[in-house]
Every structure is written in C-alpha cells, then in structure tokens.
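For reference, the structure is listed below as structure tokens.
From a predicted model like this one, the values you see are computed outputs, not experimental measurements.
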Amino acid sequence: MRRRTTGLALLSLAALTLTGCATGAGASSSSSDGVVPELDPDQKVEITFESYNLTQAGPWTDTITGLIADFEAEHPNIDVKPQPPQGTSAAGSGTASSVQTQLLAGTPPDVAQLTFDTLDFAVNELGARSLDSMVGADAVDEHLAGAHPYHPRAATLGDWEGQTYGMPYVFSTPVLFYNATAFQKAGLPADTDLSTWTDVAAAAKKITATTGKPALTISCAVKGGNWCMQGLFRSAGGNVLSEDRSTVEFASDDSLAAVQMLRDLYDQGVLANQDSAGQMESFMKGDSSIQLQSSAVQGMLLGASKAAGWELRAAAMPAFAGGEAVPTNSGSALFVFSQDPAKQRASWELIKFMTSDHAYTEISSKIGYLPLRTSLTTDPTALKAWADGNPLLAPNLKQLDRLEPWQSYPGNSYVQIDDILATAIEESVFYGKDPASTMAAAQQRAQDLIG
C-alpha cells in the first residue's frame, strides 16, 4: 500500500535529549527485532491521550470520550487518561507546542493528535516514534488495509521518508458551499456550473449586483487558511516548497497567479474582506452566498441554512481555467511519544482503535469528519445511511482522488512562516499592496528562517 525507503528520518540531538529516558517506571524491554512486545492480558498500563477534539464541549468531546470508554471496555488492562492540549484551546500549531512543553518537563503524552503541518517538527524536533519500527511495517500496513481500507491518498499523510510516524486520523478538504436560494433570486440556476474560478466570479458578480453585498468569501485568503491556500497554489501550478524542501516558493509566478486571482475578485467588489469568524457568520446569515471553506463545517452550515430557510449546496474546489483543482487537506494524525515499550504497545492499541471502522463510524456520524476508510459510506452496517442523508458529502469524497498533502515547513519556525505568508496574502488581496513585491519579500523572510 505504501512506498517505503530503508532509511529513518534523522532525529535532532535536542529530540534525543528530550526523549532519551522512559516516561514510566519499570519499562519493559523491546524484542530483539526492535518491535515492542504484546501486552500480557493481566498487564496493567496507563497512557495519556492528548487530543484537540477535547477542547470543545458537545459532539467533539462527547464522541472522543465515548470512544475511549469503548476502548477501555475492550482492553480492560489499559487505562486511558484523556486531556486537551496543554496551554492552548485550539487546533493548529499549539498542539505541537503543547507536546514540546511537556517533553521539556519530562512528562510527554503517550499519544498526541497533531496537525499535519507539524509533521516535520514532530519527527525531527519532538522525536515522534516511527510506528513501522515500533510495531512492524506489516502491522501498520495490515491496519491501513482491513475490511474498509484507508483511501490511498490518506494512507501516507503521516509518512516521513517512507515510514509511518503519524497514523492519519481526521481531516477535511476545501469545499465550495453556496446558497442555492440566493442563486435563484439572482436569476441563476441552483445547479450553476462552479467548476472553475471564472465560473465562480461570474456567479458572484450577478449575486453581488442583486444584493449589493460581496457574494464571495474564501477562507484560504485569511489567517488560519494556509492549509487551503496551499491547494490554490497547487491548482495554479505553484507550491510553497521546492521538491527537496530547501526552497520557499510561494512567490513564484504560478503561486503569485493564485494571489492575483484573489486580488482581482476583491477589486471587482465580489470578495468580502472578513476574517474566518466573519466569513462564517455572513454566510450563515445569508449576507454572502458562496464560500470556499473546510468540509468539516458542513453540519453547522446545514443547521444554519435550515433555520434561516435557504438551501445549502456544495461543489468541489474550483479549478483555474485550463487546469484541474488540487485540493489539500487540513486535519491531523496520531503520534506516539512514549519511550516505555509497554506504553508504546498500549498506545498502538489505542491508535488502532481510534482509526478503526467503529471509530470512524462514530466520528463521522457524530462530529462530521470525513471517514478516511471511505468505503464505510457504502456499508449499510456503517455509514451508508449517514452518507445517503448527506448529499453534500459527494464532492468532498470525489476530490480525495486528487488530494495532495498539507506541507509542513522544515525546522522550528513553521508557525512564523505561516504567519508571514498569511499576512502577505491579506496585504496583497485586501489592503492595496503590490502582490508581486509583497509576496517576494515574504518569501525571502521565510527562506531566511529555514536557512
């Protein structure tokens, strides 16, 4: 299922220093081939599971704590202590900084949910364990397969140099949500073709002329949307990093074309200048009518549309004329940071359970995340009824076949680079700065940070 290389990613000296001793008393020894041994049925183990899905009361927390209870019932010898990221209340860079702080204190979580943009940092700075080395590559491949295999594009998102360090867990893709009722009021059919940005601009102009308000919002264009902006760069033929990961490229001619497209939409009066929260609020109220947004908010938007009496529809991420859209993913993987072999084995059992058919059935139906074991959506005993009742799911599933990963920047300045890029995009699109010079200056600052 996965392409492998024989070499392991080189861990930094800092990571080795931080994680060099076992976190639990009485650590058992690994087997001769390096694979941690199975637990004895009566061997009691306690592990800590850190998840940003525990930061919000309601479906997020209820679903995860319910799954942990199911796991403990199935594994009575393993106790799981759930905790949200320490010192932060949101997904993103804070998830890795939480683990880093606990590593420095000598008490890292055994399993942590980290966003994909921290992959480089998690492996090379935090010392995440290679799951292939820890439990064997065959065991990892067997888990990724199963009765409902991982989608091939999802299976390798937590890989580094051919080995799996993070088990892909939950993610979303950019989806174009739109208010079909507003389209009809503007004289447009509810099934208007929105497959290209040219099509989107034409529809937005008609609706804006009817309402007097900018019809379009794009989450990629504001802070917090860099995962989505990478998809726009790729769709335009650009990228954020060179293939060898040594050179920042978000000011290349192709990448710049994506920024210029956003600037043109704003200059035409159809793209609203709103932060992420403002975009959601205006769309749910019906003040804007087209929004490129994370597929994870579908349930929230459906509730708002029903309450306000308008019809929500969805289309895949638009392409640039003459090309094909290349969506990128947001989301996270599960990593192991324990050095104790017994805790490592218990952590692997938890990871398998939290990415099982049962877990994805619960997570998708109760939270709304896309199941990475996509064939569950055609299984009558799993998610078929849920999928059939959510027709907006189809564009999201279909574009997985073109998915490219959310890239992580090398080194420990990935947060600063994201901020530099987001600021440059906002200045170029909304605040009158020259896109070419602004993006070039931002690229140079980012390049200086990675060396």
Side-chain angles (χ1 to χ4, degrees), residues 15 17-28 30 36-40 43-57 60-115 118-119 121-123 125-131 134-135 158 164-170 332-356 359 362-363:
T17 301
L18 287 170
T19 61
C21 16
T23 58
S28 58
S30 299
V36 294
E38 299 278 354
L39 297 175
D40 293 332
Q43 185 177 1
K44 295 290 187 180
V45 181
E46 181 180 280
I47 58 174
T48 301
F49 174 38
E50 182 162 302
S51 168
Y52 64 71
N53 288 134
L54 296 169
T55 60
Q56 293 186 21
W60 276 25
T61 295
D62 292 347
T63 302
I64 301 308
T65 55
L67 285 170
I68 290 172
D70 292 345
F71 172 79
E72 290 180 330
E74 191 174 299
H75 298 81
N77 60 321
I78 302 175
D79 292 326
V80 179
K81 176 187 174 185
Q83 68 180 31
Q86 305 298 286
T88 182
S89 60
S93 60
T95 62
S97 64
S98 170
V99 172
Q100 184 180 38
T101 299
Q102 293 170 84
L103 276 167
L104 289 168
T107 56
D110 299 294
V111 181
Q113 176 189 8
L114 302 182
T115 49
T118 67
L119 176 61
F121 188 74
V123 172
E125 301 297 331
L126 300 182
R129 297 286 297 178
S130 161
L131 300 181
M134 192 177 82
V135 299
T164 296
Y165 282 82
M167 180 59 64
Y169 182 41
V170 293
S332 60
L334 300 179
F335 295 83
V336 174
F337 293 97
S338 175
Q339 294 295 306
D340 181 307
K343 289 177 178 286
Q344 290 173 357
R345 174 57 67 173
S347 296
W348 172 241
E349 296 301 330
L350 178 65
I351 286 174
K352 287 195 296 181
F353 187 88
M354 296 301 291
T355 54
S356 65
E362 293 287 293
I363 288 169

How many angstroms lie between [atom1] in [X] and [atom2] in [Y], if you round to the nearest 0.5 Å?
X: Q56; Y: I64; atom1: CD; atom2: CD1; result: 12.0 Å
X: S347; Y: M167; atom1: OG; atom2: CE; result: 13.0 Å
X: N53; Y: D62; atom1: CG; atom2: CG; result: 12.0 Å
X: R345; Y: I78; atom1: CZ; atom2: CD1; result: 10.0 Å
X: I68; Y: H75; atom1: CD1; atom2: NE2; result: 13.5 Å
X: T65; Y: D70; atom1: OG1; atom2: CG; result: 10.0 Å

Can you see whether T101 engages Q86 through a side-chain donor-acceptor pair at a distance of less than 3.5 angstrom?
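Their side chains do not contain a donor-acceptor pair, so the 3.5 Å distance test is not met.
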
Can you check side-chain contact (heavy atoms from CB on, under 4.5 Å) on Q43 and E38, steps first, answer last?
CA-CA 10 Å; Q43 185 177 1; E38 299 278 354; over 6 Å; no

With S332, which residues qualify under side chain to side chain donor-acceptor pair (under 3.5 Å), at least two apart?
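Applying side chain to side chain donor-acceptor pair (under 3.5 Å) to S332 gives Y52, Q113.
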
N77: what forms a side chain to side chain donor-acceptor pair (under 3.5 Å) with it, not counting sequence neighbours?
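N77 satisfies side chain to side chain donor-acceptor pair (under 3.5 Å) with no residue once adjacent residues are dropped.
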
Which atom of [X] lies closest to which atom of [Y], heavy atoms considered:
X: I47; Y: D110; answer: CA-OD2, 3.2 Å
X: G158; Y: P168; answer: N-CG, 3.9 Å
X: F353; Y: L67; answer: CE2-O, 3.3 Å
X: V99; Y: P109; answer: CG2-CG, 4.0 Å
X: F335; Y: A122; answer: CE2-CB, 4.1 Å
X: A96; Y: F121; answer: CB-CD2, 4.0 Å

Under the side-chain contact (heavy atoms from CB on, under 4.5 Å) criterion, do M354 and F71 qualify, and how do the steps go?
CA-CA 8 Å; M354 296 301 291; F71 172 79; 5.7 Å; no

Any donor and acceptor pair, going by atom type alone, linking the side chain of T355 with main-chain N or O of Y169 inside 3.5 Å?
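No, the answer is negative, given that no donor and acceptor are paired below the 3.5 Å cut-off.
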
Donor-acceptor contact present, side-chain R129 to main-chain V336, <3.5 Å
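No; judged by distance alone, with no hydrogens or angles, the pair does not exist.
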
Start with the C-alpha gap between L114 and F337, add the side-chain angles, then the distance that decides, and say whether side-chain contact (heavy atoms from CB on, under 4.5 Å) holds.
CA-CA 12 Å; L114 302 182; F337 293 97; 3.8 Å; yes

Criterion side-chain contact (heavy atoms from CB on, under 4.5 Å) on V45 and K343, from CA distance to verdict
CA-CA 6 Å; V45 181; K343 289 177 178 286; 4.0 Å; yes

Partners of D79 by side-chain contact (heavy atoms from CB on, under 4.5 Å), sequence neighbours excluded?
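With sequence neighbours excluded, D79 shows a side-chain contact (heavy atoms from CB on, under 4.5 Å) to E46, E72, given in chain and number order.
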
Heavy-atom side-chain proximity of L126 to Q100 below 4.5 angstrom:
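When only atoms from C-beta onward are counted, Q100 and L126 do touch, with a gap below 4.5 Å.
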
